[in-house]
Student: 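Pasting a structure below so you can have a look.
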Amino acid sequence: MATQVKVMKMDETIKINEIFYSIQGESSWSGFPTVFVRTSGCHLRCTYCDTKYAYFEGQEKTVDQILAEVESYGAAHVCVTGGEPLLQSAVHDLLKKLCDSGYKVSLETSGSLSCENVDSRVKKVIDVKTPSSGAADSYIHKNTALVSLNDEFKFVISAESDFEWAQNFCTQNNLFEKSNVFYSPSYNVIDYRWLADKIIEARSPARLQLQLHKIIWPEATRGV
């Protein structure tokens, strides 16, 4: 059963880890120049996490300050990521105002918190935690009923058992029919070709996803 998590009540500010401009490396919007708004704080501790610096680092910013910084880059796409953005209630106001401003907005979330109040115009990219993550029981299943064809599910594969688990999860929850499904090889753990072969062998409808930003900037740990 998923752990009950208390969402921080920050009606006026959001603790932000970083805001930067780069190339989107994941999701169906991969390749687009994108402004990334990374919130601070996460209640999960996934074994393969590559943004541990976002657990605690950050500073409070008002939604208007964030919007002004986003606007300065002149991009069409904005990705709100973390950490776990939905830990902070004011994120919902930020998402709405980004959509109102005409941006193409995506939200990266673990699915361990309710997506019920996320603006319907936002592309939800739900990173369902596989067994190797250490957080496989964190997903809230009511989120499955809240997705549309605009939304996406991502599974990080670190072992063959993760692949089989993801296949079963998607089949049991009809995810292949409800939305886009991506399988991503855990960086420096699983070979790209191995996962490609597994998808082909299983006749899986899932899409192979490589982390484009890590291919372009393999030496960078932040700001990409």
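When reading the values below, keep in mind they use all heavy atoms of this one structure, side chains included, and skip hydrogens, waters and symmetry mates. Values in this document were obtained by computation on a predicted structure and should not be read as measured data.
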Student: Minimum heavy-atom separation for V181 and C170, please, with both atom names.
Tutor: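 Scanning both residues completely, I find the closest heavy atoms to be CG1-SG, 3.8 Å.
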Student: Any donor-acceptor pair under 3.5 Å linking the side chain of S72 with the backbone of E69?
Tutor: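 Looks like yes, one N/O pair under 3.5 Å.
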Student: Is Y53 reachable from V224 through a run of I, L, V, M, F, W or Y residues, each pair having side-chain heavy atoms under 4.5 Å apart?
Tutor: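 In one cluster: no.
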Student: For E177, does the CD atom have more than 12 heavy-atom neighbours from other residues, nucleotides or ligands under 6.0 Å away?
Tutor: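 Enclosed: over 12 neighbouring heavy atoms sit under 6.0 Å from CD of E177.
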Student: Donor-acceptor pair, D119 side chain versus L95 backbone, under 3.5 Å?
Tutor: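 No, because the side chain of D119 does not come within donor-acceptor range (under 3.5 Å) of the backbone of L95.
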Student: What distance do K123 atom NZ and N150 atom CG have between them, rounded to the nearest 0.5 Å?
Tutor: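 It is 4.5 Å, given to the nearest 0.5 Å.
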Student: Between P131 and D162, which heavy-atom pair has the shortest distance, and what is it?
Tutor: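 Minimum heavy-atom contact is CD-OD1, 3.3 Å.
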Student: Between N180 and E152 (side chain of the first, backbone of the second, donor and acceptor by atom type, cut-off under 3.5 Å), is there such a pair?
Tutor: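 Side chain of N180 to backbone of E152, a donor-acceptor pair under 3.5 Å: no, none is there.
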Student: With no hydrogens and no angle check, is any side-chain donor or acceptor of T34 less than 3.5 Å from a backbone partner on F36?
Tutor: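 Judged by distance alone, no pair lies under 3.5 Å.
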Student: Just by distance, do the side chain of D191 and the backbone of W194 share a donor-acceptor pair under 3.5 Å?
Tutor: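 Present.
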Student: Taking ring-ring contact (aromatic ring centres under 6.0 Å, His included) as the test, write out the residues that go with F169, two or more places apart.
Tutor: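 With sequence neighbours excluded, F169 shows a ring-ring contact (aromatic ring centres under 6.0 Å, His included) to Y139, H141, F155, W165, given in chain and number order.
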Student: So does A135 get a backbone contact from the side chain of S138, meaning a donor-acceptor N/O pair under 3.5 Å?
Tutor: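 At least one qualifying donor-acceptor pair exists.
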Student: Do V189 and L195 share a hydrophobic cluster, counting only Ile, Leu, Val, Met, Phe, Trp and Tyr and linking them when any side-chain heavy atoms are less than 4.5 Å apart?
Tutor: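 Yes, V189 and L195 fall within the same hydrophobic cluster.
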Student: Quick one: are Y73 and P33 in side-chain contact, heavy atoms under 4.5 Å?
Tutor: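 No, every pair of side-chain atoms sits at 4.5 Å or beyond.
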Student: Would you say T62 and E12 make side-chain contact, with heavy atoms under 4.5 Å?
Tutor: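 Answer no - side chains too far apart.
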Student: I'd like to know if the side chain of N17 and the backbone of E57 have a donor-acceptor N/O pair within less than 3.5 Å.
Tutor: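 Such a contact is found between N17 side chain and E57 backbone.
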Student: Is there a path of hydrophobic side-chain contacts, each under 4.5 Å between heavy atoms of I/L/V/M/F/W/Y residues, joining F176 to I199?
Tutor: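 Looking at the clustering, F176 is in the same group as I199.
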Student: Rounded at 0.5 Å granularity, tell me how far CG in D127 sits from OG1 in T130.
Tutor: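 Answer rounded to 0.5 Å: 8.0 Å.
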Student: Under a 4.0 Å threshold between the charged nitrogen and the carboxylate oxygen, would R121 count as salt-bridged to D100?
Tutor: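 A salt bridge links D100 with R121.
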Student: Would L98 and Y21 show up in the same hydrophobic cluster when neighbours are defined by side-chain heavy atoms closer than 4.5 Å?
Tutor: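 Yes, L98 and Y21 fall within the same hydrophobic cluster.
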Student: Using a 4.5 Å cut-off on heavy atoms from C-beta on, say whether the side chain of C79 contacts that of E26.
Tutor: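 Answer no - side chains too far apart.
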Student: Is there a ring-ring contact (aromatic ring centres under 6.0 Å, His included) between Y183 and F163 once you walk through the steps?
Tutor: CA-CA 8 Å; Y183 289 173; F163 180 87; 5.5 Å; yes
Student: Roughly how far, to the nearest 0.5 Å, is the CD1 atom of I200 from the CG atom of L208?
Tutor: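 Result: 9.0 Å between the selected atoms.
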Student: Step by step, would you call E18 with R38 a salt bridge (charged side-chain N to carboxylate O under 4.0 Å, His left out)?
Tutor: CA-CA 5 Å; E18 59 184 346; R38 187 183 303 285; 2.8 Å; yes
Student: CD of E71: more than 12 outside heavy atoms within 6.0 angstrom?
Tutor: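 No, because the 6.0 Å sphere around CD of E71 holds 12 heavy atoms or fewer from other groups.
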Student: Write down the atom of Y187, the atom of P218, and the distance for their closest heavy-atom approach.
Tutor: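 What the structure gives for the nearest pair is OH-CB, 4.0 Å.
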Student: Give a yes or no answer on whether the side chain of E84 reaches the backbone of L86 with a donor-acceptor pair at less than 3.5 Å.
Tutor: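 At least one qualifying donor-acceptor pair exists.
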Student: Carefully, step by step, assess Y55 and S40 under the rule side chain to side chain contact (heavy atoms under 4.5 Å, CB included).
Tutor: CA-CA 6 Å; Y55 286 170; S40 178; over 6 Å; no
Student: Tell me if the NZ atom of K104 is crowded by more than 12 foreign heavy atoms within 6.0 Å.
Tutor: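 At most 12 heavy atoms, drawn from other residues, nucleotides or ligands, come within 6.0 Å of this atom.
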Student: Do V63 and K97 have side-chain heavy atoms sitting under 4.5 Å apart?
Tutor: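 Counting from C-beta outward, V63 and K97 do come under 4.5 Å.
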Student: For the residue pair S30 and L212, what are the closest heavy atoms and their distance?
Tutor: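 Heavy atoms of S30 and L212 come nearest at OG-CD2, 3.7 Å.
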Student: Is any side-chain heavy atom of H43 closer than 4.5 Å to one of L87?
Tutor: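 In short, these two side chains touch, coming nearer than 4.5 Å.
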Student: State, with a plain yes or no, whether a side-chain heavy atom of I14 is found less than 4.5 Å away from one of V91.
Tutor: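 They are in contact (side-chain heavy atoms under 4.5 Å apart), so the answer is yes.
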Student: Any side-chain heavy atom of T51 within less than 4.5 Å of one from R222?
Tutor: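 They are not in side-chain contact.
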Student: State, to 0.1 Å, how close S158 and Y48 come at their nearest heavy-atom pair, and which atoms those are.
Tutor: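 Heavy atoms only, the tightest pair is OG-CD2, 3.8 Å.
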Student: Please evaluate residues C99 and K96 with respect to the criterion side chain to side chain contact (heavy atoms under 4.5 Å, CB included), reporting the C-alpha separation (whole Å), side-chain torsions for both, the decisive distance (0.1 Å), and the verdict.
Tutor: CA-CA 5 Å; C99 291; K96 180 181 182 302; 5.9 Å; no
Student: Side chain of H77, backbone of V105: donor and acceptor closer than 3.5 Å?
Tutor: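 The answer is no, because no donor-acceptor pair under 3.5 Å joins these two groups.
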Student: Report the distance from atom SG of C42 to atom CZ of F56, rounding to the nearest 0.5 Å.
Tutor: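 One finds 10.0 Å between SG of C42 and CZ of F56.
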Student: Applying salt bridge (charged side-chain N to carboxylate O under 4.0 Å, His left out) to K214 and D50, what does each step give before you reach the verdict?
Tutor: CA-CA 11 Å; K214 291 185 177 180; D50 56 3; 2.5 Å; yes
Student: Which distance, rounded to the nearest 0.5 Å, do you find between the CD of Q88 and the CG of D93?
Tutor: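 Answer for the CD-CG pair, Q88 versus D93, is 13.0 Å.
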Student: Please tell me whether W29 and I19 are part of a single hydrophobic cluster in this structure, the criterion being side-chain heavy atoms less than 4.5 Å apart.
Tutor: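 Unlinked, W29 and I19 end up in two clusters.
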Student: Is there a side chain to side chain contact (heavy atoms under 4.5 Å, CB included) between T109 and V125? Walk through the geometry before answering.
Tutor: CA-CA 6 Å; T109 177; V125 181; over 6 Å; no
Student: Step by step, work out the side chain to side chain donor-acceptor pair (under 3.5 Å) result for Q167 and S204.
Tutor: CA-CA 8 Å; Q167 283 286 99; S204 174; 2.7 Å; yes
Student: In the structure I gave you, are the side-chain heavy atoms of L94 and L67 within less than 4.5 Å of one another anywhere?
Tutor: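 A side-chain contact under 4.5 Å exists here.
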Student: To the nearest 0.5 angstrom, please state how far the CG atom of L107 sits from the NE2 atom of H92.
Tutor: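 So the CG of L107 and the NE2 of H92 are separated by 8.5 Å.
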Student: Could you give me the CA-CA distance, side-chain angles and deciding distance for Q59 and I16, then say whether side chain to side chain contact (heavy atoms under 4.5 Å, CB included) is met?
Tutor: CA-CA 5 Å; Q59 64 181 76; I16 297 295; 5.5 Å; no
Student: Where is the tightest heavy-atom contact between Q209 and S27, given as atom of each residue plus distance?
Tutor: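 In this case the closest contact between Q209 and S27 is OE1-N, 2.7 Å.
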Student: Does T39 reach the main-chain N or O of T81 with its side chain, forming a donor-acceptor pair under 3.5 Å?
Tutor: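 Yes.
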